[in-house]
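All of these numbers come straight from a predicted model, not from anything done at the bench. Proteins get letters first, then strands, A, B, ... in listed order; numbering begins at 1 in each.
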Amino acid sequence: MSAAAHPDLPEGTPSFHEPWQARIFALVTRLCEDGRYDWDRFKVLLIDEIERNGAPDGADYYERWLAAAERLITDMGLLSRDELAARKSHLADHPPHPTHAAPGPIAVDPPRRT
Amino acid sequence: MSENHRHNAPESDIALRVKAMEQLLTEKGIVDPAAIDLVVDYYETRVGPRNGARVVARAWSDPAYHERLMQDATAAIAELGFSGLQGEDMVVLENTPEVHNVVVCTLCSCYPWPVLGLPPTWYKSPPYRARIVREPRKVLAEFGMDVGDDVEVRVWDSSAELRYMVLPMRPEGTDGLSEDELAARVTRDGMIGVAPV
């Protein structure tokens, strides 16, 4: 085990490595705290995802979390697989920040007096 | 977490899946993005092992609190203002010269968020989850913790029903320390049971 068993982060370091991990974590916990579902329902899906598809080193933990969340949301009938897939491809085709380069400031508020 | 705002790097496939879900749930009025922001902020900045360290330091300093903690950990922890999801059914395991406790979740990653924050990566890894049950002394030694041959090692499986936190032994030579000074000595790994304090 060596590396896998040892603390890889100093204490207090956020457990999220990328923003999407925090978003999916928060979505799932928020829906539970809102009483939309019982935690055990998600937990069963998460265990199943980890057992069936989990990486040996556990590095894909939040990917499994997302897969379990997609099953939860679709099982509950909140969204359909088709809706999710369609929105995802729309987002991929329409990035929020198109490639551009701004060589200087994009806005300037000049001094009020000199 | 830093917000890497690289304008021309396309978002990863997985980030798009998450964004699609959040957008659709928001449009249907099922979630409020501001509420999601609050949850993220809460787990990134407000919960973490420092909360558990305060519980441990209080238990070391105040015998009456110690007793309440051992009898009803959830209520005693809530006294200090720590409660919430994954902290509803807490049990505190006290280390003694005879017994050392260590916590795992063999099936997934059950962990007492309000007192310890979110679990470290190794806690969620299959090798830890399997091996701490099979060969706890060896795994503890790999963490740098030598448990004496005369000490019993107990491994506890956290679940959705019960979540464990270890109350480490108070270190020697700390008699005059304040609660704040004691709390500073307590580590996350000490409260999981993979390190001495």
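The CH2 atom of A:W65 sits 8.5 Å away from atom NZ of B:K124, with the distance rounded to the nearest 0.5 Å. Atom CD1 of A:I47 sits about 6.5 Å away from atom SG of B:C105, to the nearest 0.5 Å. Within the model, atoms CG of B:L25 and CG of A:L79 stand 4.5 Å from one another, a figure rounded to the nearest 0.5 Å. The line from CZ of A:F25 to CH2 of B:W113 is 4.0 Å long, rounded to the nearest 0.5 Å. Atom CH2 of residue A:W20 and atom OG of residue B:S12 lie 7.0 Å apart, to the nearest 0.5 angstrom. We find the SG-OH distance between B:C108 and A:Y61 to be 6.5 Å, quoted to the nearest 0.5 Å.
For the residue pair A:L84 and B:M21, the shortest heavy atom distance occurs at CD2-CA, 3.7 Å. Residues A:A55 and B:P126 approach most closely at O-CG, 3.8 Å, considering heavy atoms. Taking both residues in full, the closest heavy atoms of A:R23 and B:P33 are given as NH2-O, 3.7 Å, listed atom of the first, atom of the second, then distance.
Atom CZ of B:R185 has 12 or fewer heavy atoms from other residues, nucleotides or ligands within 6.0 Å.
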Side chain to side chain contact (heavy atoms under 4.5 Å, CB included) evaluation trace for B:I14 with A:Y62:
CA-CA 10 Å; B:I14 196 156; A:Y62 284 108; over 6 Å; no
Trace of the side chain to side chain contact (heavy atoms under 4.5 Å, CB included) decision for A:E63 with B:R17
CA-CA 10 Å; A:E63 287 180 58; B:R17 277 163 67 194; 5.8 Å; no
Can B:R129 and A:I50 be said to form a side chain to side chain contact (heavy atoms under 4.5 Å, CB included), step by step?
CA-CA 12 Å; B:R129 287 161 32 214; A:I50 289 171; 3.8 Å; yes
Apply the test side chain to side chain contact (heavy atoms under 4.5 Å, CB included) to residues A:T29 and B:Q86: give CA-CA distance (whole Å), side-chain angles for both, the deciding distance (0.1 Å), then the verdict.
CA-CA 10 Å; A:T29 53; B:Q86 301 266 327; over 6 Å; no
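Between chain A and the options B:G48, B:S109, B:C110, B:G84, the largest number of non-hydrogen pairs under 4.5 Å is found for B:S109. Ranked by heavy-atom pairs under 4.5 Å with chain B, the list A:L46, A:D34, A:I24 is led by A:I24. Options A:E51, A:E83, A:R36 differ in how many heavy-atom pairs under 4.5 Å they form with chain B, and the most are formed by A:R36.
For chain A, no part of B:D32 is nearby; none of its heavy atoms comes within less than 4.5 Å. Proximity to chain A (any heavy atom under 4.5 Å) is restricted, for B:E27, to the side chain, taken from C-beta onward.
Checking B:V39, B:T26, B:V40, B:V31 one by one against A:L27, the side-chain contact (heavy atoms from CB on, under 4.5 Å) holds for a single residue, B:V31.
Taken together through direct or relayed side-chain contacts under 4.5 Å among Ile, Leu, Val, Met, Phe, Trp and Tyr, B:M70 and B:V99 form parts of separate hydrophobic clusters. Cluster membership for B:L177 and B:W60, using ILVMFWY side-chain heavy atoms within less than 4.5 angstrom, is shared.
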